[in-house]
Amino acid sequence: METRNRTIHLTDAIWTEILARLPLRIIARFKSVSKTWKTTIESVYFRRLFVSVHRKSSTSWSLMWYGQKNLVGFHGCETWGLPKSLSFYIPSSLCIIEGSSHGLVLISENDDDCCFVGNPVLQQWIKIPPPPVHSSVFGLVSRVDDDGFVLGFKVVKLAEVIVTNNYVSCSLSVFVYSSETGIWTCKTIHCPYQITNFGSFTLDGTIYFDHLSEPGVLVAYDFYSEISDQFRVIPLPDHPNHGFNSDFKGALTTSQGFVMYIRTLAQSSSNVFKAWRLNNDSTWQLLWKIGLPSLIGDYVPMAMHPFDSDIVHLWSQDHRHVVSCNLRTQKNRILGAEDNDEDHKDCYLNQPVCEDSMDEICGCKASVRLLQLVLPRWMESVPCPPQVEMMNTASVISYVTSMQETMIRNWLHQ
């Protein structure tokens, strides 16, 4: 009897190891096989085992210009087993993509105060009710555990900007919706500079702004752990030279769970690339200072790979293409160059949108800041606020369509 039980446990362990090597889309189906398998798959042990096994597996992610413009999409996802890029699963034809955090996506409808937070692949969405006062979407932040899995999220909306100190600084009146309480709260945050562009980017619970009246700095506010009502000021590295040299091109991005500041300098024989990582103590650590002799001309940094800080994506203003560069091996790949090449079938490049967006960004002569839409490493459900029902993608599309039709009817009857 003891031998038989040991054999059963050994068999279960083998099946668990086999199951952990499958894509998430397949694993999700096994949850309905039996209560035992469902319990196994939803256990912390299995979740950690899956993430460990798939640590080097490819995952779907997209680079977007804020709103609806998808520039580059990477699919062929081994982690999820998805045939298409992430943006394909978002109803972007009806909604505007406002932000993303740890696999959660924030979308809104142009003329409606409500918005939605969800996981587009799991087709789980939470309808966020409008705040007490009309306001514009500000950003999406999230709280994660030690393993990087989402425990909760907050939607931040801007209600009012108050100019202070004779136009030197400003105060922001914001509404914050928490998935843990399901209610809006009001908060006032003070910034020592004027924010000249409210396009932001987020990482974990923190929102960052870099378009300020004072050049060479970031301001940041953590909506989960900040006890102050003041933005933190973070000076950018090496900025004096950057400020006086128009050949420098910079970008703010994220990789491996850190904010990254990346920069190129065009020289006659190569491009010099630098990358810094923002540490938890608000200091910058130089990760890369390297010449790229194979890349001659005007190259603009777009983003680091979200899971691999050895890979950077650059835009060639001269040749009008996107280059994926492995900094460690010095191997380059022109994305979307050969549609029939097996090495390029995992990437979708929207060439016209990419050209228009990068021309617009480069014309502003400011740091590049693209939205990285990244799938989570695990199929965790979207945190659901109290007394709120989950919606699927079809229900979201139906709701938004109905709201748009009502708006058109009201406009016609005016």
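Throughout, residue positions are numbered sequentially from 1 according to the sequence presented.
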* Nearest 0.5 Å please: distance from the CE atom of Met260 over to the CG atom of Leu203. => 11.5 Å
* **Approximate separation, where rounding is to 0.5 Å, of Trp276 CH2 and Leu287 CG** => 10.0 Å
* To do: State which residue, out of Ile162, Thr164, Val163, fulfils the side-chain contact (heavy atoms from CB on, under 4.5 Å) condition with Ser169.
  => Thr164
* To do: Kindly assign one of parallel, tilted or perpendicular to the pair Trp37 and Trp15, based on the angle between their ring planes and the thresholds 30° and 60°.
  => tilted
* Asked: Would you call Glu180 and Lys154 a salt bridge, taking side-chain N to carboxylate O under 4.0 Å as the test?
  -> no
* Looking at side-chain heavy atoms only, is the closest gap between Gln330 and Ile290 below 4.5 Å? -> yes
* To do: Evaluate the criterion salt bridge (charged side-chain N to carboxylate O under 4.0 Å, His left out) for residue pair Arg263 and Asp238; output intermediate values, then yes/no.
  => CA-CA 10 Å; Arg263 213 172 62 187; Asp238 274 6; 3.8 Å; yes
* Asked: Are the side chain of Tyr221 and the backbone of Ser228 linked by a donor-acceptor contact shorter than 3.5 Å?
  -> yes
* To do: Verify side chain to side chain donor-acceptor pair (under 3.5 Å) between Thr283 and Asp281, making sure each step is shown before the conclusion.
  => CA-CA 6 Å; Thr283 61; Asp281 61 358; 2.6 Å; yes
* To do: Go through Trp65 and Val353 one step at a time and tell me if the side chain to side chain contact (heavy atoms under 4.5 Å, CB included) criterion holds.
  => CA-CA 9 Å; Trp65 181 226; Val353 169; 6.0 Å; no
* So, does Thr40 use its side chain to make a donor-acceptor pair with the main chain of Thr36 at under 3.5 Å? -> yes
* To do: For residues Pro385 and Gly182, report the shortest heavy-atom separation together with the two atoms involved.
  => CB-CA, 3.8 Å
* Asked: Can you check whether Val382's main-chain N or O pairs, donor with acceptor, with Gln124's side chain at less than 3.5 Å?
  -> yes
* Structure fact -> Closest non-hydrogen contact found for Val388 with Cys384 is O-SG, 3.0 Å
* How about Ile234 and Val219: do any of their side-chain heavy atoms sit closer than 4.5 Å? -> no
* Check whether any side-chain heavy atom of Val141 sits under 4.5 Å from a side-chain heavy atom of Val155, and report yes or no. => no
* If you measure from OG on Ser62 to CE on Met64, what distance do you get to the nearest 0.5 Å? -> 7.0 Å
* Structure fact -> Heavy atoms of Leu63 and Gln372 approach each other most closely as CD2-CG, 3.8 Å
* Distance only, no hydrogens: is a donor on one side chain within 3.5 Å (strictly under) of an acceptor on the other, for Thr196 and His211? -> no
* So, Trp80 side chain and Pro376 main chain: donor-acceptor pair closer than 3.5 Å or not? -> yes
* **Side chain to side chain, Ile90 and Ile107, heavy atoms closer than 4.5 Å** => yes
* Atom OG in Ser255, atom CD1 in Ile262: separation rounded to 0.5 Å? -> 9.0 Å
* Between Asp359 and Arg320, is there a salt bridge with N-O shorter than 4.0 Å? -> yes
* To do: Could you check Phe307 against Val374 for side chain to side chain contact (heavy atoms under 4.5 Å, CB included), going step by step and ending with a plain yes or no?
  => CA-CA 10 Å; Phe307 300 114; Val374 181; 3.2 Å; yes
* Sub-4.5 Å side-chain heavy-atom contact between Asp310 and Trp288 -> yes
* Knowing that exactly one of Lys31, Lys35, Arg47 qualifies, which makes a salt bridge (Lys or Arg N to Asp or Glu O under 4.0 Å) with Glu42? -> Lys31
* Asked: Atom CE in Met391, atom NZ in Lys127: separation rounded to 0.5 Å?
  -> 7.5 Å
* How long is the span from the OG atom in Ser309 to the CD atom in Gln256, to the nearest 0.5 Å? -> 4.0 Å
* To do: Answer yes or no: is there a donor N or O on one side and an acceptor on the other, between the side chain of Ser398 and the main chain of Ala394, under 3.5 Å?
  => no
* Chi angles and distances behind the side chain to side chain contact (heavy atoms under 4.5 Å, CB included) call for Thr206, Phe223 -> CA-CA 6 Å; Thr206 303; Phe223 282 90; over 6 Å; no
* Close side-chain approach of Ile128 and Trp184, heavy atoms under 4.5 Å -> yes
* Asked: Is the backbone N or O of Gln194 less than 3.5 Å from a side-chain atom of Ser213, with the two atoms forming a donor-acceptor pair by type?
  -> yes
* Taking the six-membered ring for Trp, are His319 and Tyr299 parallel (under 30°), tilted (30 to 60°) or perpendicular (over 60°)? -> tilted
* Asked: Looking at Ile126 and Pro383, what are the two nearest heavy atoms and their distance?
  -> CG1-O, 4.0 Å
* **Distance-only polar pair, side chains of Asp204 and His102, donor-acceptor under 3.5 Å** => yes
* Check: Asn165 side chain, Val168 main-chain N or O, donor-acceptor pair, under 3.5 Å -> no
* **Ring geometry between Phe209 and Phe198 (parallel below 30°, tilted from 30 to 60°, perpendicular above 60°)** => perpendicular
* Structure fact -> Correct closest heavy-atom pair for Asn350 and Asn70 would be CB-O, 3.2 Å
* Would you call the rings of Phe74 and Trp61 parallel, tilted or perpendicular, where under 30° means parallel and over 60° means perpendicular? -> parallel
* Lys/Arg N to Asp/Glu carboxylate O, Arg232 vs Asp222, below 4.0 Å -> no
* **Under 3.5 Å: donor-acceptor pair, side chain of Arg25, backbone of Gly81** => yes
* Asked: Would the Phe175 and Tyr177 ring centres measure less than 6.0 Å apart?
  -> no
* Verify, without hydrogens or angle tests, whether Asn119 (side chain) and Leu122 (backbone) share a donor-acceptor contact under 3.5 angstrom. => yes
* To do: For residues Phe46 and Thr39, determine if any side-chain heavy atom of one lies less than 4.5 Å from a side-chain heavy atom of the other.
  => no
* Would a 4.5 Å heavy-atom cut-off, applied to side chains only, mark Val144 and Phe149 as touching? -> no
* **Side-chain donor or acceptor of Ser101 paired with backbone N/O of Leu104 under 3.5 Å** => no
* To do: Kindly determine whether His321 and Cys354 satisfy side chain to side chain contact (heavy atoms under 4.5 Å, CB included), including the steps that lead there.
  => CA-CA 9 Å; His321 60 225; Cys354 203; over 6 Å; no
* Is it true that Asp210 and Arg369 have a side-chain N and a carboxylate O under 4.0 angstrom from each other? -> yes
* Asked: In terms of side-chain geometry, is the basic nitrogen of Asp298 or Lys249 positioned less than 4.0 Å from the acidic oxygen of its partner?
  -> yes
* Taking all non-hydrogen atoms of both residues, which atom of Phe50 and which atom of Leu22 are closest, and how far apart? -> CE1-O, 3.2 Å
